[in-house]
Amino acid sequence: MQYNPEQLESRWRKEWEDKKVYKVDNESAKPKYYVLDMFPYPSGAGLHVGHPLGYMASDIFARYKRLKGFNVLHPMGYDSFGLPAEQYAIQTGVHPETSTENNIKTYRSQLDKIGFSYDWSREVKTSDPSYYKWTQWIFLKLFQHYYDLDADKALPIDTLIQTFETAGNADVNAACTQESIFSAQEWKTMTAGQKDEILMNYRLAYRKTGYVNWCEALGTVLANDEIKDGVSERGGHPVVKKAMLQWSLRITAYAERLLHDLDKLEWSDALKAMQRNWIGRSEGAQMFFELDGTSEKIEIFTTRPDTIFGATFMVLAPEHALVPAITTPEYKAQVENYITYVKSRSDVDRMAEAKEVTGTFTGAYAINPFTQEKIPVWIAEYVLKDYGTGAIMAVPSDDERDQAFAKKFGLPIIDVVDKSDYPGSTLHDKTGKIINSGFLNGMEVPDAIEHMLQKIESMQLGKRKVNYKLRDANFSRQRYWGEPFPILYDKDGVAIPVDESALPVVLPDLKDYTPSPDGRSPLARLTDWVNTSDGYTRETDTMPGYAGSSWYFLRYMDPDNSAEFASKKALNYWRDVDLYVGGTEHAVGHLMYSRFWHKFLYDLGYVPTTEPFRKLINQGMIQGMIAYAFVLKEKKDGSTVFVSKDCIDKYQPSDYIKTAVHIDFVSENGSGTAHLNAKGIQALCQWRQEYENAYFELKSGIYPASYFYENTENIKLYVASEAGKMSKRYHNVVNPDDMVKKYGADCFRMYEMFLGPIEQSKPWDTNGIEGVQKFLRKFWSLYYNENGLHITNDTPVKEELKVLHQTIKKVTDDIERFSFNTAVSAFMVCVNELKRLNCNKREILQPLVRLLAPFAPFITEQIWFDLGEQGSVHHSEFPVFDPACLESDAIEYPVSINGKKRDVISIPSTASQEEIQDIVLQSPMVQKWLEGQQPKKMHHRTRKND
RNA sequence: GCCGAAGUGGUGGAAUUGGUAGACACGCUGGACUCAAAAUCCAGUGCUAGCGAUAGUGUGCGGGUUCGAGUCCCGCCUUCGGUACCA
């Protein structure tokens, strides 16, 4: 009986769905285990073979845990709000909901074919009102809470208001942006608008002025990746920074806990390091410099207070609030010019010219509090508005950027740290001896820092402060396809939360998806929706992509609950994600925001755990091979001319361009000899009408397309082949459906696992998939002969048991350490061995089916059924390793002399240390290499695997 | 620049704690079966020398520690990913 994957896979796919084999309950006597995949955005291109890599790994693990007796939650859903659908809507007029639904259907059918064990009854979509109701609900909670640093948790804003009413804000210790102090009396006399403004400085979801990339020509706000070389990617129009009132989330309030709790997590050190760097904690001093001739002070943050004697000038961010006030009349024009210049510069620009220093003098002078010298105040774009206080004391002797600035503008440099005792140390190292610094002279840098911190505090010039690189993220998007904010504004512009009972605020329908001319979202045009009957106006911004994905893993626990985002019971049962599998691209975005939201919900008592994702595995990316053909810019008789790579040296690089051609046309792809043969050239000519009459320059001459239909021998148009993104634009997307169709899902799954370690990136290459296909046929042939099932109930011999249990041990260990490629090869070894032994005994082959089931769910289910077993193999038990089966009579001892293997000797396992040494010393080979001498030392090592 | 990951046959990769380097698979070579092909099976396959037993050599490069190093230490080189003037 032949192995026919197509037939048996469709049979079991249907059977599993009908019998709801993968449905999981929130109640069970079994221990829970939660395996989560990263939320996919259902793009129009569908899944390519790279996407399911992580899904396959997590599916194997979920199935393994299920067989190990766990109640496994393994859900899937869609992050279905997003920009591409909106862009598509603008171009085609198709409602984002319609295109998204279609894309989801494609995704679902692609996922189903691969045989994942998802409980689809728990599917969630972020764009579903019953889902985003709770995204809005969490937003309201953020809006209605502030972070109390004494309690070290989020507390209701109402208790803060009570404090304001009785005692003002002087004693409030909160994560906030409120700077001035007010009394209870002052609070009471404030207008509603003033109170709202102050509360915004405390709320965890708050509004502040933020800068967006504004493109006047397109009349829209652009995301960073929609900008190329400082102009819009579409159309190449200029982009400027524009100030707009934006919603933000105060993630900085949680910086310390986000940093600290990383220690609890089983994440890779690499990923933890990325998060630590992103949070960027630094300790230093916050201090004030007086301005000469005014009452204003400049607040700065420094990690190097010990270098203050070397501070010869100050630099403010161009956007700093003090700039207009301190600029003297004679420098006004110059400063304004500079600010205009900075506004025109995109983040991309700044990156490209990182080395060049720019800035201008404001005419103002500050007083160095220790030297009492007047030092000039400059503005420069290298000082960032949002980091620290947006102002620095510049110490050109001890900071590279300050030094470059001082050199360019001729500012004085005073050496304050003598590093001669620390050869090789850089300016970044806090080492050296302080010089030219009055009372600090002679101190080592760390001591001097501590000394200065005390001095600064005692002189009341400032205080110790911990600063974070982490910034509050912009939470507003001027877009249509996202969650509407549950916020209304009254006539004074005071933000009023929508009542919980009125949630969700449903995203209204729209015909025209282009943005409103003033840069607001398309929703602003729906005046009927914006202006409510009771005189309020609605917020027209929508939430960003990460809103819905910051808490989705909680919704899976109880997806149909309409009274809560998830019931207490469900949350207390499932608690947190035990295993999360996904790519590193989410290292600092999604993974940081989810942790932040989760901690917030924990503070409010809604979730029982402080961290959402206990263990995290990063899967590598599967890249595509991109094949570039060389095309001359100048056409020949109006037709395209392709040049073989081995002829391209004749031309100047400016004469030709590289064009990605469809990967299916290319032979020997991925090697240095990648080329199109005659068939490939034929296919290329038929691919695009413009290539129909193309010319091809090969080593032997230039030929028209027609030539390759008659002459097919030895034709090679060489192309450049390189690894890169798998993407529509490179014509190198491989659809998993095609793989499943050709080889079957089991083969496809096992091949992706066999490719290499899960966390490693590699280009997609089907060379070698036949090896896995052969393995599955061989595996099948252990159970069936030409007439059907062919299994005996004979008692297995020792050797057969040894093969089985060796495999059980190896596969179990490999699954536990996520080494799926070696597990697959262990199966291959096992099947090769059993085949050699002609084993067809039930006692060996039945456990083997259970062992392979997580990897190849279809073939094993079929065999399980044919073996006459009850129920699904996926509800059976994972085989247990029996060490007794591995005991053998003799052990092969490799013998090394001076670290080189010289002999292999088989010695009975009963032999003692001394006996082993005797046997070894008597071996002729050992005798030969000892050359008559006695060994100085002998080491006997037991084998680790037995 | 900084942070992170990785360099092993013709190719993907294995070697889990310092102990037989190259498992498993692809490819390639030869053979069996076949009229032929496909499929399947058998043998070989790091490099060099040798008919062979065998010997030498070999994990990016240069040193070191050790009885023994792909693995540990020091100094480099290369590739990939992230980041961007972070005071």
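Remember, predicted model here, so these are calculated numbers, not experimental data. Each chain gets a letter, A, B and so on, in the order the sequences are listed, and its residues count up from 1.
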Using side-chain heavy atoms (C-beta onward) and a distance below 4.5 Å, is A:Leu411 in contact with A:Ile375? no
When the [atom1] atoms of [M] and [N] are compared, how many Å lie between them, rounded to an integer?
N     : M     : atom1 : answer
B:G81 : B:G70 : P     : 30 Å
B:U45 : B:A25 : P     : 15 Å
B:G12 : B:C80 : P     : 16 Å
B:C85 : B:U78 : P     : 26 Å
B:G13 : B:G7  : C1'   : 13 Å
B:U20 : B:C2  : C1'   : 42 Å
B:G68 : B:U83 : P     : 46 Å
B:G82 : B:C76 : C1'   : 24 Å

Starting at the 5' end of RNA chain B, write a dot or bracket for each base, bracketing those in Watson-Crick or G-U wobble pairs whose two distances are under 3.5 Å and using | for partners on another strand. (((((((..(((......[....)))((((((.......))))))((((....))))..(((((..]....))))))))))))....
Whole angstroms only, please: what is the [atom1]-[atom2] distance between [X] and [N]?
X        : N     : atom1 : atom2 : answer
A:Lys469 : B:C86 : NZ    : P     : 8 Å
A:Asn618 : B:G82 : CG    : C1'   : 12 Å
A:Asp813 : B:A15 : CG    : C1'   : 15 Å
A:Leu470 : B:A84 : CG    : C1'   : 16 Å
A:Lys465 : B:A87 : NZ    : P     : 14 Å
A:Phe820 : B:A14 : CZ    : C1'   : 17 Å
A:Phe818 : B:U16 : CZ    : P     : 19 Å
A:Tyr387 : B:A84 : OH    : P     : 14 Å

Within the 4.0 Å heavy-atom criterion, would you say [X] contacts the bases, only the backbone, or no part of the nucleic acid?
X        : result
A:Asp399 : nothing
A:Arg276 : nothing
A:Glu759 : nothing
A:Arg281 : nothing

Below 4.0 angstrom from OP1 or OP2 of [N], is there any side-chain N or O of [X]?
X        : N     : value
A:Arg401 : B:G1  : no
A:Arg304 : B:A87 : no
A:Gln760 : B:G13 : yes

Verify the distance criterion only: is there a donor paired with an acceptor across the side chains of A:Glu816 and A:Tyr64 at less than 3.5 Å? yes
Between A:Asn277 and A:Lys469, do the side chains contain an N or O donor and an N or O acceptor separated by less than 3.5 Å? no
Regarding [X] and [Y], does a basic nitrogen lie under 4.0 Å from an acidic carboxylate oxygen?
X        : Y        : answer
A:Glu770 : A:Arg777 : no
A:Glu283 : A:Arg281 : yes
A:Asp814 : A:Lys810 : yes

Among [options], which is the nearest nucleotide to the side chain of [X]?
X        : options             : result
A:Phe301 : B:A39, B:C3, B:A87  : B:A87
A:Arg471 : B:C86, B:G82, B:A39 : B:C86
A:Thr302 : B:G13, B:U40, B:A87 : B:A87
A:Arg817 : B:A87, B:U16, B:A14 : B:U16

Write out a two-atom table: protein N or O, nucleotide N or O from nucleotides 21-27 of chain B, distance below 3.5 Å.
residue: B:A25; atom: OP1; partner: A:Asn832; partner atom: ND2; Å: 3.0
residue: B:C26; atom: OP1; partner: A:Lys774; partner atom: NZ; Å: 3.1

Is the distance between the ring centroids of A:Tyr751 and A:Phe754 under 6.0 Å? no
Smallest separation among heavy atoms of [X] and [Y], with atom names:
X        : Y        : answer
A:Leu258 : A:Leu262 : O-CG, 3.4 Å
A:Arg471 : A:Leu384 : NH2-CD1, 4.1 Å
A:Gly359 : A:Trp378 : C-CE3, 4.3 Å
A:Val342 : A:Glu319 : CG1-OE2, 4.3 Å

So which one's nearest nucleotide on RNA chain B is more toward 5', A:Trp278 or A:Ala391? A:Trp278
Would you mind calling B:G31 syn or anti? Take O4'-C1'-N9-C4 for purines or O4'-C1'-N1-C2 for pyrimidines, and syn is within 90° of 0. anti
Partners passing side-chain contact (heavy atoms from CB on, under 4.5 Å) against A:Phe288 (at least two apart in sequence or in another chain): A:Lys297, A:Glu299
